[in-house]
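These notes are about the structure you will find just below.
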2 protein chains.
Amino acid sequence: MTTTTPRHTAAPTIPVNTIGRLSLYRRLLLDLAASGLRQIYSHQLAALAVSTPAQVRRDLMTIGCSGSPRRGYAIEELIEAVNTVLARSVETSVALVGVGNLGRAILAYYTNRQPWVRFVAAFDTDEDKVNRIINGCRVYAMGRAEDILAQEGIRAAALAVPAREAQSVADRLVLAGIKSFLNFAPVRLHVPTGIFVDDMDMTTALDRVAYYAHQHGTT
Amino acid sequence: MTTTTPRHTAAPTIPVNTIGRLSLYRRLLLDLAASGLRQIYSHQLAALAVSTPAQVRRDLMTIGCSGSPRRGYAIEELIEAVNTVLARSVETSVALVGVGNLGRAILAYYTNRQPWVRFVAAFDTDEDKVNRIINGCRVYAMGRAEDILAQEGIRAAALAVPAREAQSVADRLVLAGIKSFLNFAPVRLHVPTGIFVDDMDMTTALDRVAYYAHQHGTT
DNA sequence: AGCTATCTGTGAATTGATTCACAGTGTGAA
DNA sequence: TTCACACTGTGAATCAATTCACAGATAGCT
Ligand SMILES: NC(=O)c1ccc[n+]([C@@H]2O[C@H](COP(=O)([O-])OP(=O)(O)OC[C@H]3O[C@@H](n4cnc5c(N)ncnc54)[C@H](O)[C@@H]3O)[C@@H](O)[C@H]2O)c1
Ligand SMILES: NC(=O)c1ccc[n+]([C@@H]2O[C@H](COP(=O)([O-])OP(=O)(O)OC[C@H]3O[C@@H](n4cnc5c(N)ncnc54)[C@H](O)[C@@H]3O)[C@@H](O)[C@H]2O)c1
């Protein structure tokens, strides 16, 4: 714990981009720690993250880490600091809504990975999926959403329903206490202020990728 | 999310973020056109895109559209302008590399959708998947990548291989002529300048969502 | 045919994120 | 013990994106 600078000191509102990079740093650092390394320089972490030393130092500064001029940063210490910021030392329970092709891929992937984030319930309207356990996660009927979300204290949801349904499902989930969405539908959601939405819009991303495929490259 | 990339084509250099929003506008406008509407105001499009009127007008200005003060913008005209910018009036061929759970979901989704972007070939190392047609797309052995990519003139690829493989597969694809990547692996890729990478990092996104689920604050 | 309300187009201001640049510092070597 | 160096920490500068704010336009109304 680098931080003698405690968390209450500045109620430091960390920029979203920084949060994203911290997530990446944590993965990289866990790998490095697993491979036995104990210290790292900002330029090394920057190379792994495809970033710059200044950016890395700025980010680490933001979360109150400090390193030694001659030895760099202590990896364990950084991991702990990132954990403190990101996970708040709690495992986060997430619901999946919409157990279609994408939803099932997600469940399959996150089973037994990322101990700090866990899909604890899934919801769908399709009778064939309801009351089964799919890829390690129990699927409930949408009718039970409010109950289960409250009961499990779930505040985060991944939304993988058809685009047409996304807004109304989101409205309902907000009323059921969801504070934070990972939205896979290719639409923007209207939510009250204070509710976070991260759009994973593959359709937009594909269009961007197609656009740059036509830019004629150098070299 | 989106990463990198310099730009070297002459004329009007459109920011990456704008490209992303144009993709969204196009989808919204196609819906509106299908529902019979012909004209739209910047504030209406902004509401649909969860953006601001000024942002919309700025974006439309960037692609050389103009509207009438009293009637707004002509929807057909906007669609055509966006098409010109994004698609360059060509259908873009995209390869999928890694036909796992996620890869299959993607193939299933983009079959018969988005006429301007099409998955024309998939590649995998798994013998069981090779030489089959999965969700409408032919799967080839990795050994044939160079051939097929050149033959089909494919310059864009979605990368859905395990994280550990991502860099070496990307290196190979760059040599095979890929200019633009949609990267699903939760790692940052090192690519030569002039190559575009759009990261769809769900793991980072989940961490962000988990973070804001605990935050009692703003979007 | 002029008046008005409401929109567009856009330079300028602002906000935010990233990078620069350098003073300060701890470490290992001699 | 001192020195030199390669690093960190960070204010200031830069760069990019968004938003403001208002002049100019135009359709509808009378
Ligand atoms: N699959 C992909 O690769 C991909 C790519 C881009 C975007 N998306 C988006 O992700 C979302 C899911 O895609 P998918 O391919 O898994 O679709 P899908 O059709 O396979 O699955 C949708 C699931 O949602 C369920 N559902 C429908 N209405 C519901 C409701 N009101 N409440 C709860 N569940 C409901 C359906 O029963 C189904 O199980 C869509 O919005 C899609 O646009 C998917
Ligand atoms: N499924 C998800 O929801 C999810 C979520 C977050 C991240 N991801 C990332 O997306 C990628 C794919 O995930 P997935 O769940 O589909 O994994 P998966 O294991 O189901 O599929 C990976 C596929 O890649 C193929 N493959 C392996 N090495 C290869 C190589 N060198 N060349 C070509 N093909 C190769 C495998 O045969 C397999 O078909 C991974 O990087 C994963 O981290 C997936």
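Here is the naming used below: chain letters follow the sequence lines, and residue numbers restart at 1 for every chain. Small disclaimer: the values here were computed from a predicted structure and weren't measured.
B/Arg188 is listed as a side-chain neighbour of A/Leu24, based on a closest heavy-atom distance under 4.5 Å. No side-chain heavy atom of A/Ile154 sits under 4.5 Å from any side-chain heavy atom of A/Val94. The closest side-chain heavy-atom distance from A/Leu175 to A/Asp171 is not below 4.5 Å.
With no hydrogens or angles considered, no side-chain donor-acceptor pair links A/Arg208 and A/Thr204 at under 3.5 Å. Side-chain atoms of B/Thr203 and A/Tyr110 include a donor-acceptor pair closer than 3.5 Å. Between the side chains of A/Tyr109 and B/Asn101, no donor N or O sits under 3.5 Å from an acceptor N or O. Between the side chains of B/Arg27 and B/Ser23, at least one donor N or O lies within less than 3.5 Å of an accepting N or O.
With B/Leu182 as the partner, the side-chain contact (heavy atoms from CB on, under 4.5 Å) test is satisfied by one option alone out of B/Asp198, B/Val197, B/Ile106, B/Leu96: B/Asp198.
Following rounding to the nearest Å, A/Arg57 (CZ) and D/dG11 (P) show an atom-to-atom distance of 14 Å. Atom CG of A/Asp59 and atom P of D/dG9 are 13 Å apart (whole Å). Atom-to-atom, CG of A/Asn17 to P of D/dA16 comes out at 15 Å; the value is rounded to the nearest Å. In this entry the distance linking CD of A/Gln55 with P of D/dA13 reads 20 Å, nearest Å. Between the C1' atom of D/dC15 and the CZ atom of A/Arg58 lies a distance of 15 Å, rounded to the nearest Å. In this structure, A/Leu60 atom CG and D/dT8 atom P are separated by 9 Å, rounded to whole Å.
Among residues two or more places apart in sequence or in another chain, the ring pair (Phe, Tyr, Trp, His ring centres under 6.0 Å) test is passed with B/Phe123 by B/Tyr140. In this structure A/Arg26 satisfies the side chain to side chain donor-acceptor pair (under 3.5 Å) test together with A/Asn83, B/Asp207, sequence neighbours excluded.
For A/Ser66 and D/dT8, the shortest distance from a side-chain N or O to OP1 or OP2 is not below 4.0 Å.
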For each nucleotide in nucleotides 23-30 of chain C, reading 5' to 3', give B when a protein heavy atom comes within less than 4.0 Å of its base, S when such contact involves only the sugar-phosphate, and - otherwise. --BBB---

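Counting only Watson-Crick and G-U wobble pairs whose two key distances fall under 3.5 Å, DNA chain D forms stems of three or more stacked pairs at C:1-30 with D:1-30.
Checking A/Ala54 against B/Pro53, the closest nucleotide of DNA chain C that is more toward the 5' end is the one next to B/Pro53.
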For residues 43-54 of chain A, run the donor-acceptor check on the side chains, cut-off 3.5 Å, and write out each pair with its distance to 0.1 Å, sequence neighbours left out.
| unit_1 | atom_1 | unit_2 | atom_2 | d |
| --- | --- | --- | --- | --- |
| A/Gln44 | OE1 | A/Tyr41 | N | 2.9 |
| A/Thr52 | OG1 | A/Gln55 | N | 3.1 |

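A heavy atom closer than 4.0 Å to some atom of DNA chain C occurs in B/Tyr41, B/Ser42, B/His43, these being the qualifying members of residues 39-48 of chain B.
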